[in-house]
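Remarks on the structure that follows.
Worth saying up front: this structure is predicted, and the values here are computed from it rather than measured. Just so you know, these numbers use all the heavy atoms, side chains as well, and skip hydrogens, waters and symmetry mates.
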Amino acid sequence: MTIPQSVSWENHTIRLLDQRKLPHVTEYLTLGTVESVFEAIKSLAVRGAPAIGIAAAFGVALSALTCKTEDVHELKEQVFMDSGYLSQSRPTAVNLFWALNRMNEVVVRSNTAQSLRENVLAEALTIQKEDAEVCRSIGEHALTLFQNGDRVMTICNAGSIATAKYGTALAPFFLAKERGIHLSVFACETRPVFQGARLTTWELMQADIDVTLITDSMAAHTMKMKQISAVITGADRIAANGDSANKIGTFGLAVLAKSFGIPFYIAAPLSTFDLDTPNGDAIPIEERDPSEITHVNGVNIAPDGVNVFNPAFDVAPADLITGIVTEKGIIKPDKASIAALFA
Ligand SMILES: CSC[C@H]1O[C@H](OP(=O)(O)O)[C@H](O)[C@@H]1O
């Protein structure tokens, strides 16, 4: 695959692919402070639940490496403070909190300032490496759901740049391509930030995968006219009962899929499950700046002063989900199956 890595650790800094500029400009940011990592996550320079977690993990490593004290207690205090700060960058994707918790545990069990610095960097690199392996497994399992010639709809970007590599919902398409299986992807543009139009189409075209761009409002008509065989999306947080939060518009696709009798799949790693959240109603839904809706590429397209509601995510209830594809296999979206996954 020729798709660039969204996050990497280079020369004691984070090298970050600026996803806001894609597809026309491939530009990298060099992040050397915790504040710049926070801003990169908040402003969507890095986005996608697993990639946010990886960036935050490297942010904790930066915190430890840039804090100059040799007193381990002082160092821990600073790193925990920075970790808490990074946790406030975005509220919905639980991978952020999962990664920060993993980093915090490493901080707790480090006994010297030097070992703490070594350990947090090693842990961040491990989180990234594991994510690539996990995503490849998700792709393998998801590929069993599709047959040569299938037409599959997706929304947002759950691809390589939203993760360490391969993606979640897009992983099966990359693997299908490697194996000569022809799948056609219909990508919803994903208003307001256009992750589908800008990122999913770009990633799939880079890999020479058949992709067709539609607006979000064309989903029902496209399902009917193009004989869509399945819908697959990523997720930002999956509650203990299987309700799944993903990019705004996903709930609508799940309703449509049910209406057309089309299977609707969620693809996500175990790090996206939140067993402490009992159901979708308890998932915090991020509301973003109104300008994401009123402006397109900096141009105001709405009357000045218009009221705006801009939730970044919605929740597909478990009863609309056919299956959740994880690195451990495909499970039913119910409490027992999810509990068994973690047993
Ligand atoms: C591989 S999970 C990707 C996930 O992240 C997206 O949200 P955002 O672009 O706001 O970070 C979206 O919900 C995707 O499914």
Side-chain angles (χ1 to χ4, degrees), residues 4-68 77-104 107 120-121 123-125 127-128 131 156-157 160-164 190 192-195 198-199 236-237 247-248 284-298 308 310-313:
Q5 206 174 19
S6 56
V7 187
S8 55
W9 181 257
E10 280 177 28
N11 301 324
H12 308 286
T13 58
I14 302 172
R15 186 168 188 255
L16 198 85
L17 175 67
D18 190 344
Q19 298 193 34
R20 298 166 301 187
K21 303 229 167 124
L22 291 170
H24 299 301
V25 177
T26 304
E27 202 169 274
Y28 291 87
L29 302 170
T30 302
L31 310 181
T33 64
V34 176
E35 289 73 20
S36 63
V37 178
F38 179 97
E39 273 313 313
I41 295 173
K42 195 176 170 61
S43 67
L44 309 184
V46 59
R47 46 139 305 276
I52 292 170
I54 293 164
F58 282 124
V60 172
L62 262 185
S63 163
L65 268 78
T66 53
C67 177
K68 293 300 170 210
E77 204 175 309
Q78 181 62 47
V79 175
F80 285 138
M81 212 165 75
D82 287 340
S83 174
Y85 167 64
L86 287 168
S87 76
Q88 290 164 40
S89 53
R90 292 192 78 189
T92 304
V94 78
N95 307 63
L96 170 67
F97 308 96
W98 170 87
L100 289 173
N101 285 342
R102 248 180 94 158
M103 298 301 288
N104 290 349
V107 174
V120 288
L121 181 56
E123 187 71 1
L125 289 165
I127 287 174
Q128 183 177 42
D131 189 61
C156 198
N157 171 266
S160 189
I161 57 173
T163 63
T190 321
V193 189
F194 296 109
Q195 290 96 329
R198 296 186 302 107
L199 307 176
D236 296 85
R237 191 185 295 231
K247 181 54 56 191
I248 191 75
I285 300 293
E286 178 181 12
E287 286 188 31
R288 294 187 58 86
D289 198 282
S291 64
E292 287 184 350
I293 296 186
T294 56
H295 290 62
V296 175
N297 279 343
V308 169
N310 184 18
F313 304 96

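- Expressed to the nearest 0.5 Å, how far OG1 of Thr30 lies from CD of Glu10 amounts to 8.5 Å.
- Put simply, CG on Leu31 and CG on Leu16 are 5.0 Å apart, with the number rounded to the nearest 0.5 Å.
- Phe38 contributes atom CZ, which lies 11.5 Å from atom CG of Asp82 (distance to the nearest 0.5 angstrom).
- At a threshold of 4.5 Å between non-hydrogen side-chain atoms, the residues Thr66 and Thr33 do not count as touching.
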Show the numbers, then the answer: is there a side-chain contact (heavy atoms from CB on, under 4.5 Å) between Asn95 and Ile52? CA-CA 7 Å; Asn95 307 63; Ile52 292 170; over 6 Å; no

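- Judged by distance alone, with hydrogens and angles left aside, the side-chain atoms of Arg237 form a donor-acceptor pair with the main-chain N or O of Thr92 at under 3.5 Å.
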Using the rule given for side-chain contact (heavy atoms from CB on, under 4.5 Å), can you reason through Leu44 versus Glu292, listing the C-alpha separation, both sets of side-chain angles and the distance that settles it, and then say yes or no? CA-CA 12 Å; Leu44 309 184; Glu292 287 184 350; 4.3 Å; yes

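- Taking all atoms of both residues into account, the shortest heavy-atom contact from Val193 to Arg198 is O-NE, 3.1 Å.
- Rounding to the nearest 0.5 Å gives a distance of 10.5 Å between CH2 of Trp98 and CG of Leu100.
- A distance-only check finds no donor-acceptor pair linking the side chain of Thr163 to the backbone of Pro50 [under 3.5 Å].
- A donor-acceptor pair under 3.5 Å is absent between the side-chain atoms of Lys42 and the main chain of Arg90, judged by distance alone.
- Annotation: the span from Leu199 atom CG to Arg20 atom CZ amounts to 12.5 Å, rounded to 0.5 Å.
- Leu17 approaches Leu22 most closely through the heavy-atom pair CD2-CD1, 3.8 Å.
- The shortest side-chain heavy-atom distance between Phe80 and Val107 falls under the 4.5 Å cut-off.
- Under the 4.5 Å side-chain criterion, counting only non-hydrogen atoms from C-beta, Pro4 is in contact with Tyr28.
- For Arg47 and Asn157, the side-chain atoms include at least one donor-acceptor pair closer than 3.5 Å.
- With contacts defined as side-chain heavy-atom distances shorter than 4.5 Å, the pair Val60/Glu123 does not qualify.
- Contact between Phe97 and Ser87 at its shortest, heavy atoms only, is CE2-O, 3.2 Å.
- The closest donor-acceptor contact from the side chain of Asn310 to the backbone of Pro290 lies at 3.5 Å or more, if one exists at all.
- The two residues Val46 and Ala55 make their nearest non-hydrogen contact at CG1-CB, 4.0 Å.
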Would Ile127 and Asp131 satisfy side-chain contact (heavy atoms from CB on, under 4.5 Å), going step by step from the backbone distance to the final call? CA-CA 6 Å; Ile127 287 174; Asp131 189 61; 5.6 Å; no

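- Closest heavy-atom contact between Glu286 and Phe313: OE1-CE1, 3.4 Å.
- Put simply, the side chain of Asp18 never gets that close to the backbone of Glu27: no donor and acceptor are under 3.5 Å apart.
- One distance of note links CD of Glu287 with CG of Asp289; it measures 11.5 Å at 0.5 Å rounding.
- Heavy atoms from other residues, nucleotides or ligands lying under 6.0 Å from NE2 of His295 number more than 12.
- For Ser83 and Asn104, the side-chain atoms include at least one donor-acceptor pair closer than 3.5 Å.
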Determine whether Leu125 and Trp9 satisfy the following criterion, side-chain contact (heavy atoms from CB on, under 4.5 Å), listing intermediate values before the conclusion. CA-CA 8 Å; Leu125 289 165; Trp9 181 257; 4.2 Å; yes

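- When atom types are taken as modelled, the side chain of Asn11 and the backbone of Thr13 share no donor-acceptor pair closer than 3.5 angstrom.
- Using a distance-only test at 3.5 Å, with no hydrogens or angles considered, no donor-acceptor pair links the side chain of Gln195 to the main chain of Gly48.
- The shortest heavy-atom contact between Gln5 and Ala164 is CG-O, 4.0 Å.
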